[in-house]
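Encoded as C-alpha cells, the structure appears first; notes follow it.
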Amino acid sequence: MKKILMGVATASLLFACKTQNVTQPQPEQPIVASINLVDVENDKVWVTVDPDKFTVETTTFNIPRTVPGTYSEDNYGKFAEDFKAIDYKGNEIPVTKVDDNSYTIANAKDLDKVMYLVNDSFDWENEGGVYSMAGTNILKDENFLLNLHGFVGYFDQMKEKKFRLEILRPSDLIAGTSLTIDKTIAGKDANSKTDIYNLDRYFEVIDNPIMYSSPDTTSFMVQDMQVLVSVYSPNKKHTAQSLKPEMEKMIRGQKKFLGDINSTDKYAILVYLSDSPGEGNAGNFGALEHHTSTVVVMPESMEAEALDKSMTDIVSHEFFHIITPLGIHSNEVHYFDYNDPKMSQHLWMYEGVTEYFANLFQVNQGLINNQEFYNRMVEKINTSKRFDDTVPFTVMSKNILDDEYKDSYYNVYLKGALIGMALDIRLRELSGGKMGILNLMKKLNSKYGKDRPFEDDNLIPVIVELTYPEIQEFFDTYVSGSTPIPYDEFFDKVGLKEDEIMNEVGFFIKGQTPYITGNQQTMEIVFRDNIELNTFLKELGIKGGDTIKSINGTEYNIQNVYDLIMASQSWSEGDDITMTITRDGEEMKLEGKITTPMDSQKTYVEIQNADGDQIELRNAWLKG
C-alpha cells in the first residue's frame, strides 16, 4: 500500500498541470458458490461455482474426497453429475474427468464458471458409504441438510481465496447455522429468497453446515456464548423446545468444566431426526463436529428420555472438539488436503481425549455418579479388546486411511479415551493431584490455539516439557509403543479394584453385546444360546435358541429388528408384555410384566478401606 501511495504522489508532482486518470487497484473478487434449493430436479439441486478470471492455462476443480473429522475416504464427488464448464460467452468448454472428485479444464483463461447437479447421500443405497451426520439431504420444500462439502467444490490453488455463498431457498424455510447471514434478497416472487454468506476461505465453507427447514429453533445463553438448537422432526415428535432443557443443562456443565477456555461466542446444534431409517433416509446415527457447530442425526422414534440421554453423550463429545482438534491441531489438520489427505499421528488426542472429556465432565459436574463413570470406562476396556492392543496408537492414527488400519478407527473412541484417562491419572499422581489432562490441554491451547498449528512430531516433546519428564516414558510405552495399558495398576492408584456387580442393561443388548442374533437364512431373530440372559428375559421364560415371532402383537424379524430395539426403550416397569416365540419347532406364548433388565458385570469399584493418598488422588481425578 505504501508503494502505491508513493507512486501516485510522485505522478501528481511530475504532472501537476494535467488532469490524471489514476487507476485504483480493484478489490479481490470472491469465488461465488450458488446453490439453488428452489428448482429441485428429481431430488437434485444445481450448484454453480464462479471464480475470478484465471491467468493459468489449465485448472482442476475438486469436490472433497475426505473432510476433517470423518477420517475416511468418502468421495463426495460421486454425488455430482452433469458437470459443465462454461466460458464467458455462455458456451460449454471441454472438461476431462480425472476421477469421481476431480475435473481438469484446459482452457482456464476462458472459464467463467462451472455448474453441476448434486444428489443427496440419503437417497443412495447404503448412503453411498457416507455416515449420515456427514451426509446430505434434499427434500423439496421441506428439508435441506447441507453439509457443504457434499455440494461446493474448489479450484486448485484457490482454497485460501474468499468465498461468497449464495443460497436460493423457499421463503418459508429458514437456516439453522452458526453462520451470520450477511444479506437476504427477495426473490422474483414471494416464494423464494436468497441468503448470502461471506466467508474468508474454503475451509469456512465446509466447516459451517446449514440446515434449511420449517422454523423449529430455540436459543439460550451460556455465559457469553449463544447456543442455537435447530430441529427437523418430520412427524413433530420432538421439538427444539423439548430438547432445550437437557442441552442447556449439559452445555452449562461443560462450560463450567472447561473454565476459562472460550473459543467461540456462538454454537449451533443442528438436529436431523430420521423417521424411516434405511429407506432413502438417514440410517446411521451420531454427530460430526465443526468449529462452531455440530450436525446430529438420530432416529425420530426414540422416546424423549432416551433421546435426551443419547444427545447428552453425543453432543457433549462434539462440543469438546472446540478444544481439539479445532483449537489444538497439527499442520496436517490446519492445512487439510481434501483430495490427498496426510493424517496426523495424534488421534489419541483429537478423538480419544475428546471422548474422555465427554464422560469425565458428567461425573465432574454431578450428571452421573462415580460408579456409572467407572462402568463406562470398563465397557470401553472390554470393547477395545476386540482390536489388536499392541498396535502403537500413533502408527494406527498416521495410517488410518490405509486398508490395514481403517477398520480400527472405532478404537479411537475406546482405547483413545482410555489413553486420556491413564494420562490424566498419571499427571494427577505426579503433581500431587494439582494437574490433570484438562490443565494440560489449557496449556497447549495457550501455546498453540486454532490459528497456530504444531509440527506433528513435536507434540509429545512439548507435552513432556509442559508437564514432567516421566510423561515421556508414558508415551513411549503406551502411545508410541506396543505395550497394553495395565488398567489394574492405574485404577489401584485411585483406590479402585475389580469386582462383579449387578447392573442395569438393555432388554436386548448388554453394552456392546447383544442377547439376540439373526438367522440369515430364515431372517428370524434368535436369542443367543452362548450367553447368560438378563433377569427380565429369564423371568419371562426365554431360553437360548428361542426365536422371536411377535411381541405385543407386532411381528419382528431381521428387517425390522431396529424397530424392536427402539420400541423397547419406551417400555415401562410393570406394563404387561406378551412374546410369541418358537422353541424346538413349537410356537409358544410367554406372558409377564416388564421389569428392569439386570445382568452381572465385571467392573471396578471403590475399595472400602482405600488409604488417604488413594482417596485424595481419586477426588482430584474426578472432581478436580
Side-chain angles (χ1 to χ4, degrees), residues 120-135 137 139 143 145 231-238 243 271-288 295-315 379 383 410 413 504-528 531 533-534 536-537 540 542 546-572 575 577-582 594 597:
D120 61 304
S121 64
F122 288 3
D123 275 350
W124 276 48
E125 184 178 356
N126 297 320
E127 300 181 57
V130 173
Y131 288 114
S132 300
M133 65 291 296
N137 187 48
L139 188 57
N143 177 269
L145 180 60
V231 174
Y232 171 67
S233 180
N235 299 299
K236 313 302 180 188
K237 181 172 181 179
H238 304 280
L243 293 178
V271 184
Y272 179 96
L273 299 176
S274 175
D275 64 338
S276 55
E279 300 176 11
N281 206 336
N284 48 75
F285 307 112
L288 179 64
V295 173
V296 186
V297 179
M298 295 296 286
E300 189 184 36
S301 60
M302 291 185 76
E303 295 302 316
E305 184 178 352
L307 181 60
D308 282 341
K309 184 179 184 303
S310 293
M311 289 281 290
T312 296
D313 291 339
I314 292 169
V315 177
E379 187 173 326
T383 310
Y410 183 58
Y413 301 104
E504 183 177 345
V505 294
F507 288 96
F508 299 100
I509 302 175
K510 174 184 178 181
Q512 299 291 322
T513 305
Y515 295 106
I516 53 179
T517 187
N519 185 321
Q520 297 297 329
Q521 280 72 44
T522 65
M523 301 298 288
E524 294 174 320
I525 302 170
V526 182
F527 286 100
R528 296 172 59 187
I531 187 174
L533 300 177
N534 63 43
F536 162 74
L537 297 173
L540 190 60
I542 295 295
D546 289 349
T547 298
I548 296 176
K549 302 297 290 183
S550 67
I551 299 177
N552 290 340
T554 301
E555 294 185 0
Y556 291 104
N557 54 43
I558 292 176
Q559 292 180 319
N560 66 346
V561 65
Y562 176 82
D563 294 339
L564 171 60
I565 303 301
M566 288 296 100
S568 70
Q569 293 186 1
S570 63
W571 291 354
S572 298
D575 286 353
I577 184 169
T578 300
M579 188 180 300
T580 302
I581 63 167
T582 57
I594 300 291

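Atom set for the values below is all heavy atoms of this structure, side chains included, hydrogens, waters and symmetry mates excluded.
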Listed partners of E303 passing salt bridge (charged side-chain N to carboxylate O under 4.0 Å, His left out), at least two apart: K237
Are L540 and F507 close enough that some pair of their side-chain heavy atoms sits under 4.5 Å apart? no
Set of side-chain hydrogen bond (donor to acceptor under 3.5 Å, both in side chains) partners for N534, sequence neighbours left out: none
Keeping the roles fixed (side chain from N552, backbone from T578), state whether a donor-acceptor pair exists under 3.5 Å. yes
For a side-chain contact (heavy atoms from CB on, under 4.5 Å) with Y232, tell me which candidate from L145, L139, L273 qualifies. L139
Using a 3.5 Å distance criterion without hydrogens, assess whether the side chain of H238 forms a donor-acceptor pair with backbone atoms of M302. yes
Looking at side-chain heavy atoms only, is the closest gap between D563 and T554 below 4.5 Å? no
Mark yes when over 12 heavy atoms from residues, nucleotides or ligands other than Y131 sit less than 6.0 Å from its OH; otherwise mark no. no
Taking side chain as C-beta onward, heavy atoms only, is E555 less than 4.5 Å from T580? no
When rounded to the nearest 0.5 angstrom, what distance separates CD in E305 from CG in D308? 8.0 Å
E127 backbone acceptor or donor facing S121 side chain under 3.5 Å: no
For N560 and N557, indicate whether the former's side chain and the latter's backbone hold a donor-acceptor pair under 3.5 Å. yes
Run I525 and T547 through side-chain contact (heavy atoms from CB on, under 4.5 Å) and show every step you take. CA-CA 6 Å; I525 302 170; T547 298; over 6 Å; no
Under 3.5 Å, is there a donor-acceptor pair between the side chain of N284 and the main chain of S132? yes
Compare all side-chain heavy atoms of M298 with those of V271 and state whether any distance is below 4.5 angstrom. no
How about N281 and E300: do any of their side-chain heavy atoms sit closer than 4.5 Å? no
Taking S568 for its side chain and I565 for its backbone only, find out whether a donor-acceptor pair lies under 3.5 Å. yes
My understanding is that only residues two or more places apart in sequence, or in another chain, count here; which of them pass salt bridge (charged side-chain N to carboxylate O under 4.0 Å, His left out) with D546? R583
Within 6.0 Å of CG in N235, more than 12 heavy atoms from elsewhere: yes
Minimum side-chain heavy-atom gap W571-I551 below 4.5 Å: yes
From N143 CG over to N137 CG, what is the distance, rounded to the nearest 0.5 angstrom? 5.0 Å
Is the gap between the ring centers of F122 and Y272 under 6.0 Å? yes
Are the aromatic rings of F536 and Y515 close, with centres under 6.0 Å apart? no
For M311, run the side-chain contact (heavy atoms from CB on, under 4.5 Å) check against I314, D313, L307 and tell me which one passes. L307
Rounded distance [0.5 Å steps], CD1 in I548 versus CD1 in I558: 11.0 Å
From F508 CZ over to L533 CG, what is the distance, rounded to the nearest 0.5 angstrom? 11.0 Å
What are the two closest non-hydrogen atoms of M133 and A287, and how far apart are they? CG-C, 3.4 Å
